[in-house]
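Comments concern the structure below.
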Amino acid sequence: MALDPEAIGKMHEKKERSHELPDLPDSENGVIMRFAPNPSGPLHLGHARASVLNDYYVKKYGGKFYYRVEDTDPKRVDPAAYEMVIEDLKWLGIGITDVIYQSDRFEIYYDYARELIKIGGAYMCTCDNNEFREKKLKKIPCPCRDISVEENLKRFEDMLAGKYAEGEITLRIKTDISHPDPAVRDFAAMRVLTSTPHPRKPGVFVFPLMNFSVVIDDHLLGMTHVIRGKDHIANTRRQEYIYNYFGWKMPHFYHYGRMSIAGLELSTSGMRKGINEGLYTGWDDIHLGTLRALARRGIQPEAVRAATIDIGMGDTDISFSWENLFAQNKAVIDAGADRYFFVPDAVEVDIAGAQNTQAHAPIYPNQPERGDRLLSFTGKVLLPKAEMEIGRMLRLKDLFNIKVTGVNTAEYAGNSLADARSSKAAIVQWLPAEMAVPCSLLMPEGISEGFCEPAVLGYAGKIVQFERIGFSKIDAVKDGKVIAYFTHR
RNA sequence: GCUGAUAUAGUGUAGUGGCCAAUCAUGCCGGCCUUUCACGCCGGCGACCCGGGUUCGAAUCCCGAUAUCAGCACCA
């Protein structure tokens, strides 16, 4: 079979709406990157950016992509998140090479901490946290900064032996106490935490802080490039000290700007609070920006991916636009979405003067070969209440014209489509009263109750387009009733 | 307060000194197609934050102002 290469190219052009991201340096032999979230809940749109961007380059250049679970703060671990994140990544189509749990690596961090102390790159600080902070802001070193390596090592082993209580001691990286940026001055690298047991390692009570464990792992795993949010920009500067102490090569770092989403709670803790308070039904509540909420609404991973790559990794702060995501999603789902009638806020209408007949409505107008839906007319139909203005002429789509004569009555007004056109009659969706299936359409602003075609009962889990309403994901079908989530127009 | 970053149409994005009276997508408006307010097609609307400077020439480089954001945690 001969294929026209040009035609294939065009097909791709239409499908791939997102642009190419700029090249990465030192990528000739592949890249090693990672997605390293804190397992505190399921993934949301913000995580999508981090994971998709990194994944994009690993797919582009080849190499490895680690999902590294940054569970070094037991206070911020939701055990359920371990599994949820994996599910979400799978849904998003992220190609994970390996999964690393930082909570499996405490001994490694301890070893490198000892090394760092030995080479004078870190010290064990027993100062009060607030006092240290005040000194730091005034560029004054704390007394612990000058203790000997031997004493530091002793304090370190004492810490591991449990001789210090929570908050009594901190491993600090020796940077430059008068560094112009107060954020980098002798930052903390390890601490004791006994109040919250770690879900995976209940016996551990000495925990590394992110800036320490991240450097150790990034180096050990051979990370070549790191793309992360600009909230880490100061961390990169801090981490540079550790790289330099060990003489390690730094990966290339990129920091993208902040992304806000209009009217949407994006922090995991905020969402959790809302769920606990009953404000949201769960992690997949339609009002949330979690990937599972988007999935439930009928947003496809390809659309999230395209929208994310379209945004790119610029360091400008941006406001995420639902419009752009919906446009991407529409491009993905339209061709696969069969068309059906959904009559919201339905009224039963007797139509006088019409013969019993059958309507043939195309399942997908642009592709007649997909077939028709057969809708029988026997005198009574369901119509959207909003269309029922007395005296108005309506065209029942794929059937005939009527004239509204009362709240529940209408009369036959001919078959001519041309008449309907010339009198500017609205072409409306309708249902035979006897074959209407109750259907609740959940929209962000509320639930629209109505009826849909019986065939929709067979679409559980799929997306249809309710004509004149919009795309909808059939969430559940039970007891002959349809629950649908409105996706977008 | 200190440190750093950013500033192109409603939104997102391209553009790294002349080819930019500025790209693409989305949005909006108009038209075509159509028994959906979908898809598709055609046309249109709409932007270089402000002020200096460098240069023959700046959206692109420099300085300043303003605004926004991030960090200054025993979070990530």
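Throughout, protein chains are lettered first and strands after them, A, B, ... in sequence-line order, and every chain is numbered starting at 1. Values reported hereafter were calculated over all heavy atoms of this structure, with side chains retained and with hydrogens, waters and symmetry mates removed.
Using P as the reference atom, B:G10 and B:C29 are 16 Å apart when rounded to the nearest Å. Taking atom C1' in both B:C19 and B:U23, one finds a spacing of 14 Å when rounded to whole Å. Taking the C1' atoms as reference points, B:G4 lies 47 Å from B:A38, given to the whole Å. Between the C1' atoms of B:U60 and B:U16, the separation comes to 6 Å (whole Å). Taking atom P on both nucleotides, B:C49 is separated from B:A9 by 7 Å, rounded to a whole Å. Using atom C1' as the reference point in both B:C39 and B:U35, the two lie 15 Å apart (nearest Å). Nucleotides B:A70 and B:A76 have their C1' atoms positioned 14 Å apart, rounded to a whole Å. Comparing the P positions of B:A59 and B:U8 gives an interatomic distance of 15 Å, to the nearest angstrom.
Taking the nucleotide of RNA chain B with the nearest heavy atom to each of A:R185 and A:Q429, the more 5' of the two is matched to A:R185.
Across the strands present, B:U23 finds no partner; the criterion is a Watson-Crick or G-U wobble pair with both atom distances under 3.5 angstrom. Using the Watson-Crick or G-U wobble rule with both distances under 3.5 Å, B:G46 pairs with nothing in any strand shown. Pairing partner, B:A67: B:U6, with both Watson-Crick or wobble hydrogen-bond distances short of 3.5 Å. Checking B:C41 for Watson-Crick or G-U wobble geometry (two distances, each under 3.5 Å) identifies B:G31 as its partner. B:G1 is paired with B:C72 under the criterion used here, namely a Watson-Crick or G-U wobble arrangement in which both key atom distances are under 3.5 Å. Base pairing analysis places B:G17 opposite nothing; no Watson-Crick or G-U wobble pair with both distances below 3.5 Å involves it. Pair check for B:U36 finds none; no Watson-Crick or G-U wobble contact set falls under 3.5 Å.
If you check every strand for non-hydrogen atoms under 4.0 Å, A:N211 touches nothing. If you check every strand for non-hydrogen atoms under 4.0 Å, A:L417 touches a base. Residue contacts shown for A:D73 are limited to sugar-phosphate atoms, with no base heavy atom under 4.0 Å away. Note on A:R258: only backbone sugar-phosphate atoms sit closer than 4.0 angstrom, heavy atoms only; bases stay farther off. Residue contacts shown for A:G167 include a base, since a base heavy atom lies under 4.0 Å away. Here A:H255 lies out of heavy-atom contact (under 4.0 Å) with every strand. Heavy atoms of A:N324 sit under 4.0 angstrom from at least one base atom. Heavy atoms of A:F207 sit nowhere under 4.0 angstrom from any nucleic acid atom. Looking at heavy-atom distances under 4.0 Å, A:P180 makes contact with sugar-phosphate atoms alone, never a base. Within the nucleic acid shown, A:D334 comes within 4.0 Å of sugar-phosphate atoms alone, with no base atom in reach, counting heavy atoms only. Looking at heavy-atom distances under 4.0 Å, A:E323 makes contact with a base.
With values rounded to the nearest 0.5 angstrom, A:M159 atom CE is found 8.5 Å from A:F205 atom CZ. Remark: A:H219 NE2 to A:Q239 CD distance equals 13.5 Å, nearest 0.5 Å. Within the model, atoms CD1 of A:I469 and CE of A:M443 stand 7.0 Å from one another, a figure rounded to the nearest 0.5 Å.
With respect to A:H255, the side-chain hydrogen bond (donor to acceptor under 3.5 Å, both in side chains) criterion is satisfied by exactly one of A:N235, A:D315, A:T236: A:T236. The only option from A:K397, A:R395, A:R468 that meets the salt bridge (Lys or Arg N to Asp or Glu O under 4.0 Å) definition with A:E387 turns out to be A:R468.
At the phosphate of B:C75, OP1 or OP2 sits under 4.0 Å from a side-chain N or O atom of A:R191. Between B:A73 and A:R133, a contact under 4.0 Å exists linking OP1 or OP2 to a side-chain N or O. For the pair A:K230 and B:G4, the criterion of a side-chain N or O lying under 4.0 Å from OP1 or OP2 is not met. Side-chain nitrogen and oxygen atoms of A:K136 include at least one within less than 4.0 Å of the OP1 or OP2 phosphate oxygen of B:A73. Between B:G12 and A:S319, a contact under 4.0 Å exists linking OP1 or OP2 to a side-chain N or O. Residue A:T72 has a polar side-chain atom (N or O) positioned under 4.0 Å from OP1 or OP2 of B:A76. Phosphate contact (OP1/OP2 of B:C74, side-chain N/O of A:N129, threshold under 4.0 Å): present.
Listed nucleotides: B:A5, B:A73, B:U68. Nearest to the side chain of A:D317: B:U68. Among B:C75, B:A76, B:U36, the nucleotide with an atom closest to any side-chain atom of A:H232 is B:A76. Residue A:A188 has its side chain nearest to B:C74 when only B:C72, B:C74, B:U35 are considered. Taking every side-chain heavy atom of A:N366 into account, B:C39 is the closest of B:U35, B:C39, B:A76. Of all nucleotides listed (B:U3, B:A70, B:G12), B:U3 comes nearest to the side chain of A:R237. Distance from the side chain of A:R238 is smallest for B:A76 among the nucleotides B:U68, B:A76, B:U11.
Side-chain N or O atoms of A:R272 include one that pairs as donor or acceptor with a backbone N or O of A:S40 at under 3.5 Å. In this structure, the side chain of A:H179 does not engage the main chain of A:K139 through any donor-acceptor pair within 3.5 Å. Using a distance-only test at 3.5 Å, with no hydrogens or angles considered, no donor-acceptor pair links the side chain of A:D338 to the main chain of A:I363.
Taking every heavy atom of both residues into account, A:P180 and A:R185 meet most closely at O-NH2, 3.5 Å.
Contact of A:R339 with B:A38 (side chain to base): a donor-acceptor pair of N or O atoms is detected under 3.5 Å. The base of B:U36 is paired with the side chain of A:Q465 by a donor and an acceptor separated by under 3.5 Å. For A:D181 and B:C72, a side-chain-to-base donor-acceptor distance below 3.5 Å is absent, hydrogens and geometry of angles not being considered.
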